[in-house]
Structure formats: C-alpha cells, structure tokens
Amino acid sequence: METQIEDSVMAETEAEKTKQIVVLLIGPPGSGKSTFCDSVMCSSHRPWSRICQDIISNGKAGTKAQCLKMAIESLKEGKSVFIDRCNLDKEQRSEFIKLGGSEVEVHAVVLELPASVCVSRSVKRTGHEGNLQGGRAAAVVNKMLQGKELPKMNEGFSRIMFCYNDADVENAVNTYSKLGVMDSLPSGCFGQKNTDTKSQPGIMKFFKKVSAVPSSSSNEATEATRKANEKTENVRVLPAKLGSSDIVYTLAFPSISTADFQFDLEKASDIIVEKAEEFLPRLGTARLVLVDLSHGSKILSAVKAKASRKNIDAARFFTFVGDITKLHSEGGLNYNVIANAANWRLKPGGGGVNAAIFKAAGTDLEAATRTRANTLLPGKAVVVPLPSTSPLHNAEGITHVIHVLGPNMNPNRPNCLNNDYTKGCQTLREAYTSLFEGFLSIVQDQSKFPKRSNPATVPVSGENIKDDSERNKKYKGPQDMAVASNLESGPLKETRDSGKKMSKGWSSWALALHAIAIHPERHENVVLESSDKIVVINDQYPKARKHLLVLARQESVDGLEDVRRENLQLLQEMHNVGLKWVKKFQNEDASLIFRLGYHSVPSMRQLHLHVISQDFESDHLKNKKHWNSFTSSFFRDSVDVLEEVKSQGKAHVESEDVLKSELRCSRCRSAHPNIPKLKSHVRSCRSQFPEYLLDNNRLLARLESS
DNA sequence: GTTCTAGAAC
DNA sequence: GTTCTAGAAC
C-alpha cells in the first residue's frame, strides 16, 4: 500500500515536471516568428512541433482550424508546440489558449519589434512562406498593427515574454532552447514596457508630409493580403502616380440646413462654393460631391453655376443627383464617406437625409455614433467610422459617416435663429469647415496605406517631399475631431453641457438594459412583466431588499436627459407599473417603504425607473456612488419628473458631482465617515424621514413610518 | 454597472 | 496589521 501511494505521488510530481507547452508567437509578418521557432528547435532537447498557418496546407496557407487540429495532434504525441501565426488579437488567440490544461501550459512570446523593421523584412524577403512581399507588405503590417491587442495574463497565459529588440529575442530563444524535457519556466509576465508600437512612426511622418494620397478603401490591407499572392507589385511606383483604376477618396454631402431647416438657398450655395474652394487644395486628389435627391434641385444648380464661375475643378467638386445612400449601387459613383444632416440628438428619425442614412446603415451606425458622441452643437461635425458589418459599408463602400448639424431657420425646429443670418451664415460656414476638416482627417488617416507607394523606400529623411506643415499643425485625426466638436460650448442650451458626458459613449456593459428592453423575448429568465411599452426586471445587483427596474421599451430614450413632453404617456405608464409592484410588495410585507425615481445620469442606456425599498439592506450597496445615487438629489422622484415634464417640457437633471458628497443617513441626515459605519447606522435608525420626502407621495409607505 | 487591487487611512 | 476607498479595467 505504502509503495503504491509513493508511486502515485512520484508520478504526479513527474507529470508536473514534464508539462508540455504551447507557445503562441505574437507579432506581425516580418517580426521573426518563424526564425524564432527555427532557432529554438535547432538546439532544443525538448520535442517541438512548429505549426505555421502559412504552410500548413501542403505548403500553402491554411486555416486556424487546421492549426488547432495539428496542435492537438502534436500534443498527443508528447510534443510542445509553437503556434507560428500572427495571433495579434485576443479573439485570434483564445482558441489556442484553450489547448492549455493541467498537462499543458500556454505561453506567449511577443515580438514587439519596430514596425519599420517588420515592414522592411517583409518587403525584402523573397522566399517567405506566406508570400507576403513587395509593396503590399507595409500596408498589411501597418493595418495589422492597428488592430493589435497585446496579450494579458488573464487571457489564460501562464507566461508572457515581451521582446522589443534583437537582444530580447535572443534572450527568449535561449530561454526556450535550454528548456529540457523535465524543466519548466516560471510563470508571469516578463519584459513588458509601457510603450506600444501600434503604428510605424516613420511611415506616419511620411504620409503626413506628402499630399493626401487616395487609397481604394479602408479594407486596403485585407484586400492587399489577398492580392499579395496573385500580383507581383512594382514597388518603385511613386505615390503621386495613380493608376486609372484607383478609387479616389470621395465625400458625398447633402446641402446642410437648406431643407428642413429652411436656410436661404442663395446664401447657402455661396458658402458651399466658398468652403469647397478653400478645402480642395488641401484635399490632394480627394473629391467633394454635393448630393440632392431631385433633378430640379435649386441648390444644386446654384452651386453648379457659382462653382463654374469660379473655375473650380469640376472633376473634384461637382453635384450629383441621387439617394445619398445608394450613389454607388444606383448612380455608379464611387464614394466612401457621406455627410449626414444630423439632428442635435444624433438619433434616427425626422425624415430626410438623416432618416435615410440611419435606416440604410442599420443599427451599427447608431451604436458607432454613441461611442463618439451623444449630441451635437450647430456648426459642429463628428466623424463616425462605419463598422464593416453595416449594409452601407458592404453595398456602397462607405467607411465613414460624418454627422453635421447646421443652423436652423425653421421656427418649428429646435434653436431657431429667427432669420438672424449673420449668426446663421457664421454657423453654416463653421458646419462646412467642421465637415470638410473631418473628411480631410479621414483622407490623411487612410493615406497611411497608400495604394502604390513604396514603403520600402519610406524615407527616414524626406528630401523629395514637400512639407505641408500648415496641415500638420492644423488638423487632427477623426477621433480628435469628435471630441473637439463636442467640447466647445454653443448656443444649444438644451444640450448637455458637461464635456465629460457629451463625449461619452455607451460601453458594452452599459447596453444590457437596452437589449432587454428591445428584445424582452430573448431574456425571458429575467423579465417579470412586459408590455409593448415597458419591461419590468429585478435589478441584477439590488441595492435594497426590493429593487426593480421598469424599462421603457421605446428606442432613443436613453435616460432622463432625453425625456420630453412627447414621452409623458410613457412616464405615466412606467410610474403606474412601479406603483403596482409597490402595492404587491407591501401586501407581502407592509413595513416596506418605497421610492420611485430616475438617476439623473444613468450608467446604463435605456430610460429606467428604479422601484427601490428604503431599507438599503444589500451587500451590493458598496460605495459612495451607490448610496448617493439613491439618497441625494441625483435621484429624481418619478412624481417630480412627471410634474416637471408636464410644466416645463423636460425634467431637471442633477449633476454627477453630488455623487461625491458626504455620506448622510437618508432618514436623520447624520453624516458618517465610511460605508460600513453608514450602513450600520442605517440599519438601526428609526428617525422620521425628511419632510421633503413625506410630501407629494415621494415616499410610499403602507403604515405611518415612525 | 461590477471586479480587482494598490495604497491610503486607521 | 486590517479596513476601506478610489481608480483602472472590463
């Protein structure tokens, strides 16, 4: 018996020592992944299998699935495994990480060499198994690095080594070469620096300096990868020379403010021509196309006439008749960026161009817009990259939508300027400036991957290149545009005026309520009640003994800030449903006391009414923000919201700053130094509630509270 | 919104 | 030493 036990202990110890390893190489083409594997395998005493996606299919490129299959087979044979593919993002890595287990450790070796090194190696190599060579290489490498996510231990790695230069690589090669069958390496993350080489500095500098060079589309690199196998590129073609097949960057835009906002056509056409003339020289070969739906459009003919009088290049600035969402499929126009005559809430609806674009782009555009901005001021623009899943991206080739808000002269629309054309023209000029600058930033951004430049000759010093330093100074990337556009204050008083909120989008975690409200049928397990107007659920992290949420189902009402008179019926319905549940709970326990209300600034998207008992007995109530969001003026009682919307058309929204104020008992208002002490006090406090809460049925108690 | 955790507060 | 908060990451 004893020997048996000893044997099994021995076996376990041994098994631990002989753990196999899966090593994921992480790096773009040219980073030296294959060389790394070869170097280790040359001198290692451990059996290794190198799994290279570029050659897995009888010497040709194969699939991730093939790699996985081969990895499993190699592990069964007792070999350790190198996964020799780029593995640049978490998703790409996840399935290989799953190969790990009690018998198998998963490591990462990150080859973070300068992008320029990778590009130059990719370009120079002739016998590379992936056949990624020539001028396309730079585009591919740079595009890949854009989407790169560095590995983290919590993905499931037991060890990560970062290499930033040849010395680091050599060190890593040695580490793995020396690793005998019985050895293991310490786990942890080694060598990581803070710097991140998402882009290739040299190439960026270069493309900022040359005039904007159009490229076919943002899919350039993907397309390049595919074509790299078919074409032998002449890498010596200069950037300025464009083949006839090249697609030129094109912005299609509607006339801003002249439709629904009733802006004077003559004045508007002057401004359009003036701004186009100003921007064309900066836009390289990119084109501006004014679009209108109807052939008899007065704005188109006015602009056409004025542009012709000013001798503006008609090949680069022209008018086009058609549906702005179908100019390619129905009009044969190649274009990649469209402007939207947006509303200040950046939401679908209203009719016209705005409705058409949101409809054609699908929900992707709405979601993408939210990550950039919540609202827009007149005269401002926000650049939104269109996800490749959007129908507009696929069918028309549109990669970006730029929302623009122009001045309004229509008394039936918000912020009417009452014929003040001094202000109006100023704002319209500003709107076109914002729009064209946004477009310029896209063109510059995409020019990182020029179609026919030779990245191998990317100059370290750019003698032959004209320096357009003015542009360098003045224009920022699209993301900066979005922020800048929203941080500036303007005449739109209704707009949320805290820069923080305005530039905030909805993170993925904040969309859960929205998903339930829109598709309650997909969340049957959590839905307590639903109708066509509302859905009732338990708060997932209740902050009191009873804590429900009544969700509005209507799209586009994200929170209290969006509520207007037209939503009164909805608010009343939500309130009534809340009351009904309060009654139900009080029938079960008459001592429960409730409040119904909204958070001034919700963390989660979709208007939701809190129905919460006032005991606050919950382990989920953990911090100051939790407490203050239910007990300070940040919590807006439903009765008050209803009253304010009825009388003023909207509800007061308290600043988030109050969430940081001191901790006070919701009954006796005494202050407490920290959450545990506060909670302990609240458990035993039997004071009367403040007078304010006893008014107007803000507090819903079955019995007289004592 | 929560979770995790470094470091401040005690 | 432990408790608690606050900021980052998700």
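None of the values given here were measured: they were computed from a predicted structure. Protein chains get the first letters and strands the later ones, always in sequence-line order, with residue 1 at the start of each. Values below: every heavy atom of this structure, side chains too, minus hydrogens, waters and symmetry copies.
With sequence neighbours left out, Asp168(A) forms a side chain to side chain donor-acceptor pair (under 3.5 Å) with no residue at all. The ring pair (Phe, Tyr, Trp, His ring centres under 6.0 Å) test applied to His681(A) returns His672(A), not counting sequence neighbours. Listed by chain and number, the residues in a ring pair (Phe, Tyr, Trp, His ring centres under 6.0 Å) with Tyr541(A) are His620(A) (sequence neighbours excluded). Every residue two or more places apart in sequence or in another chain was checked for a side chain to side chain donor-acceptor pair (under 3.5 Å) with Lys98(A), and none qualifies. In this structure, the side chain to side chain donor-acceptor pair (under 3.5 Å) partners of His514(A), at least two apart in sequence or on a different chain, are Glu555(A). Shown here are the side chain to side chain donor-acceptor pair (under 3.5 Å) partners of Asn394(A), two or more places apart in sequence or in another chain: there are none.
At a threshold of 4.0 angstrom between heavy atoms, the contacts of His626(A) are confined to the sugar-phosphate backbone, with no base atom among them.
At a non-hydrogen distance threshold of 4.0 Å, Tyr541(A), Lys543(A) from residues 537-549 of chain A come into contact with DNA chain B.
The NZ-C1' distance, from Lys152(A) to dA9(C), rounds to 7 Å in whole Å. Taking atom NE2 on His672(A) and atom P on dA9(B), their separation rounds to 21 Å, with Å as the unit.
Note on residues 601-618 of chain A: pairs passing salt bridge (charged side-chain N to carboxylate O under 4.0 Å, His left out), not counting sequence neighbours, are Glu366(A)-Arg605(A), Asp558(A)-Arg605(A).
By the 4.0 Å N-to-carboxylate-O rule, Asp589(A) lies too far from Arg702(A) to be salt-bridged with it.
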What protein N or O atoms touch nucleotides 1-7 of chain C N or O atoms at under 3.5 angstrom, if any, and at what distances?
from, atom 1, to, atom 2, distance (Å)
dT5(C), OP1, Ile675(A), N, 2.9

